[in-house]
Amino acid sequence: MGKWKRTGMCAQFGKEDAGRVVTLNGWVDSRRNLGGLLFVWLRDRSGVMQLVFGDKCKDFSLAESLRAEYVVSVTGRLALRDAANVNKALKTGEIELVAEELHIISKAVTPPFSIERDSKVKEELRLKYRYLDLRRPDMQENLILRSRIANVMRNFMHENGFVEVETPILQKSTPEGARDYIVPSRIKKGSFYALPQSPQIFKQLLMVAGFDRYYQIAKCFRDEDLRADRQPEFTQLDMELSFVDAEDVMELNERLIRKIMKEALDADVQLPLPRYSYKEAMERFGSDKPDTRFGLELKDVSDIARDCGFKVFSDAVKNGGSVRGLSTEGGQLSRKEIDALGEFIKTCGAKGLAWVNVKEGEISSPIAKFLSEEEMEKILTRMNAKPGDVLFFVADQPSVVFTALGALRLELGRKFSLIDESRHDLLWITEFPMFEYSQEEGRYVAMHHPFTSPLDEDIDLLETDLARIRAKAYDIVLNGNEIGGGSIRIHDAVLQERVFQALGFSKETAWNRFGFMMGAFQYGTPPHGGLAYGLDRLMMLLAGSRNIKDVIAFPKVQNASCLMSDAPSEVEQKQLDELGILVAPSKNE
RNA sequence: GGCCUGGUAGUUCAGUUGGUUAGAACGCUAGCCUGUCACGCUAGAGGUCGAGAGUUCGAGUCUCUUCCAGGUCGCCA
């Protein structure tokens, strides 16, 4: 770089630096040529400095040849701007660099989109030219915030006695849970590694190994379809602790999340965080990740509905389901809007949406004719109905009712702008069900994972009533988003075998899949438990984005490909031969 | 795998009932301009209307197929 080496970053200087001779390196952000006077904004990671090319500049015509995104080095004297020329929108708006010497380090072709904040360019194009997209200030801020938060996390973990250990990326496939990404073995043809869905088993083995407190910022992989808040390749802050119970893990993580919220948003989080049992969260909010920043809580009207004249209601209750409702609490809706919500609810799995529009002295409702005045009165009382409210009801199996009304609640919260965006509602969900019935598998499967410990008082239900067993599992929720989850694990080999049995694994299957773990547990296992945060999703929320790609440098698109590098792609025949892989001809060939 | 939305200039978009040479803004190129900061003024270039087939005298517009992207349901221990 020689004499063109920079003496500082573009936006590090202020009015106190006026008079200094400095050299800046950066990208040409914008230029305004007034004839004999040329203004250029020079940009680097720190921000922007205005350069002025005029009489003092030795080579004005070279400056006139500058174009967007040229990389240059400029030497000149920092000068105070006249009061009339101060740009308050710019961090460095009180000064400017009066350029004397200019060196074009590298030219640039005109970029496919301009490098600016709040880009309106299609995501597809941004991702194809991600290296240009990442030049935009908001993307730089997101990734810099991410780096700062990762640093807060690492410091916190070390201050609290955690040891950072890396676990393998090439692992044994354990086909419980999400679909694995598979990597072929060259040495052992026909055998495969799997990329980790999480470091779960290895971190538990580190507890057996006596590391006591482990953490890792770990890459994880799940071969499932993408969403706005989900990538196939993602990052966890993963931790595991020995000789702890759930209280210890939650207390430690409350202190961690308080630090993170302070660092990222300057928000003061009150501890301890509120806790809701899974049951309470579902019954009040229809969700195991409730957004508590607004009301519209669900109410149970099953007891009234059981013997009412509306068969949809009464049959639902008699078939083991329930009827629950929520009120708009004053939010008014047109008939057209109500019908649209009825359609919306069907996409959430409900068969239909019953509604009552409460007006002064009368009600309008398609279900009124099925109910006696007394029944309707009881329902209105239960729902605390006032004129102006619209009441909605769903009758079905509990899971359907909760899912539908939970989604409806969020939709109404958005529609009526009830969500206070300045709030940061953090909370724990505890006492998750240990198992859930899988229609596809035709058996109960672990809701969390099969190493999660049941609540002590529920252990004896393992052989009798799986649906009622609660787990020592906890999720941490921020503004209606699950940002982390964990559990106390099973450290007793006998209990672990009972759980595998409950899941329908034979002893052979269990040992085949998890034998190395069960074997390890015979050699003295401390009680242990942990937690993992979805770092990307947490960062998305902290950055105020609704798109997880905004906090990942090089994300994948919906079909799990990378638009920039074009991965996945075909490989050479030689590579396939070495791996002993025969590729079936694709449909278009 | 299902459903919904979108694809027109480099970018963001408009394009009426199917009808003349497909437009605007920004960007780009050239010229003028010494205090701009969304600089201004003048002129100009720039289009496989995602692709293919069909209907029609005539298709950006209608039909079918297909590709790409986004959202969502399923899926995500």
Side-chain angles (χ1 to χ4, degrees), chain A residues 29-41 48-57 60 64 67-69 79 81-90 92-93 96 98 109-116 118-129 132 174-180 197-198 200-201 220-232 234 343-344 346-350 403-404 407 432-436 438-441 444-452 471 473 482 485 487 499 503 513-514 532 534 537 546-547 549 556-559 561 563 587-588:
Chain A
D29 190 79
S30 63
R31 66 203 155 88
R32 291 171 292 280
N33 190 346
L34 277 64
L37 192 64
L38 172 63
F39 296 95
V40 170
W41 276 6
V48 158
M49 172 69 74
Q50 176 163 278
L51 314 176
V52 192
F53 294 91
D55 303 334
K56 296 262 170 51
C57 182
F60 189 78
E64 281 193 303
R67 293 294 181 273
E69 304 309 313
R81 298 197 196 185
D82 291 343
N85 293 328
V86 167
N87 185 344
K88 285 181 184 146
L90 218 55
T92 56
E96 60 196 2
V98 181
V109 297
T110 305
F113 51 85
S114 56
I115 309 303
E116 61 189 356
D118 300 325
S119 180
K120 292 193 172 63
V121 176
K122 252 191 230 73
E123 193 175 73
E124 187 177 354
L125 196 68
R126 288 174 50 201
L127 290 172
K128 185 176 175 190
Y129 298 94
L132 296 179
T174 53
E176 273 286 280
R179 193 178 294 118
D180 280 330
Q197 298 181 21
S198 91
Q200 185 62 37
I201 291 174
C220 304
F221 307 85
R222 292 177 191 173
D223 188 3
E224 299 290 349
D225 285 351
L226 284 78
R227 287 289 185 279
D229 64 351
R230 207 163 79 195
Q231 285 272 307
F234 62 103
E343 288 305 309
F344 168 77
K346 284 180 190 164
T347 68
C348 307
T403 305
F432 277 85
M434 179 97 174
F435 303 101
E436 61 188 339
S438 163
Q439 295 290 343
E440 195 186 335
E441 302 263 332
Y444 279 92
V445 297
M447 191 159 174
H448 198 48
H449 56 63
F451 319 115
T452 303
E482 179 196 334
S487 65
V499 169
L503 287 168
R513 288 187 185 175
F514 307 111
R537 193 175 297 168
R546 263 182 277 179
N547 185 344
K549 299 188 194 87
K556 305 277 191 291
V557 297
Q558 198 172 27
N559 66 3
S561 69
L563 294 179
K587 275 182 282 183
N588 354 332

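In what follows, chains carry the letters A, B, and so on, assigned in the order in which the sequence lines appear, proteins first and then strands, with residues in each chain numbered from 1. From a predicted model like this one, the values you see are computed outputs, not experimental measurements.
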Between A69(B) (P) and Lys549(A) (NZ): distance, integer Å: 10 Å
Sugar-phosphate only, base, or nothing, as touched by Val445(A) at under 4.0 Å among non-hydrogen atoms: nothing
Sugar-phosphate only, base, or nothing, as touched by Leu563(A) at under 4.0 Å among non-hydrogen atoms: sugar-phosphate
side-chain hydrogen bond (donor to acceptor under 3.5 Å, both in side chains) involving Gln197(A) - partner list, sequence neighbours excluded: Asp180(A)
Results of side-chain hydrogen bond (donor to acceptor under 3.5 Å, both in side chains) for Ser561(A) - residues two or more places apart only: Asn559(A)
Touch class at under 4.0 angstrom, heavy-atom based, for Asp55(A) against every strand present: base
Whole-Å distance separating the CD atom of Glu224(A) from the C1' atom of C75(B): 5 Å
Atom pair distance, as rounded to whole Å: CD in Glu116(A) and P in U12(B): 11 Å
Toward the 5' end of RNA chain B, by each residue's nearest nucleotide, Pro112(A) or Asn85(A): Pro112(A)
Please list each protein N or O that sits under 3.5 Å from an N or O in nucleotides 38-42 of chain B, with the distance.
{"residue": "C39(B)", "atom": "OP2", "partner": "Arg32(A)", "partner atom": "NH1", "Å": "3.2"}
{"residue": "C39(B)", "atom": "N4", "partner": "Asn33(A)", "partner atom": "O", "Å": "2.4"}

Sugar-phosphate only, base, or nothing, as touched by Gln197(A) at under 4.0 Å among non-hydrogen atoms: nothing
Euclidean distance, atom CZ of residue Arg227(A) to atom C1' of C4(B) [Å, nearest integer]: 13 Å
Rounded distance in Å - CG (Asn547(A)) to C1' (A69(B)): 13 Å
Nearest-Å distance for atom pair NZ/C1', residues Lys128(A) and U11(B): 14 Å
Sugar-phosphate only, base, or nothing, as touched by Leu90(A) at under 4.0 Å among non-hydrogen atoms: nothing
Distance, rounded to the nearest Å, where Asp29(A) contributes CG and U36(B) contributes C1': 14 Å
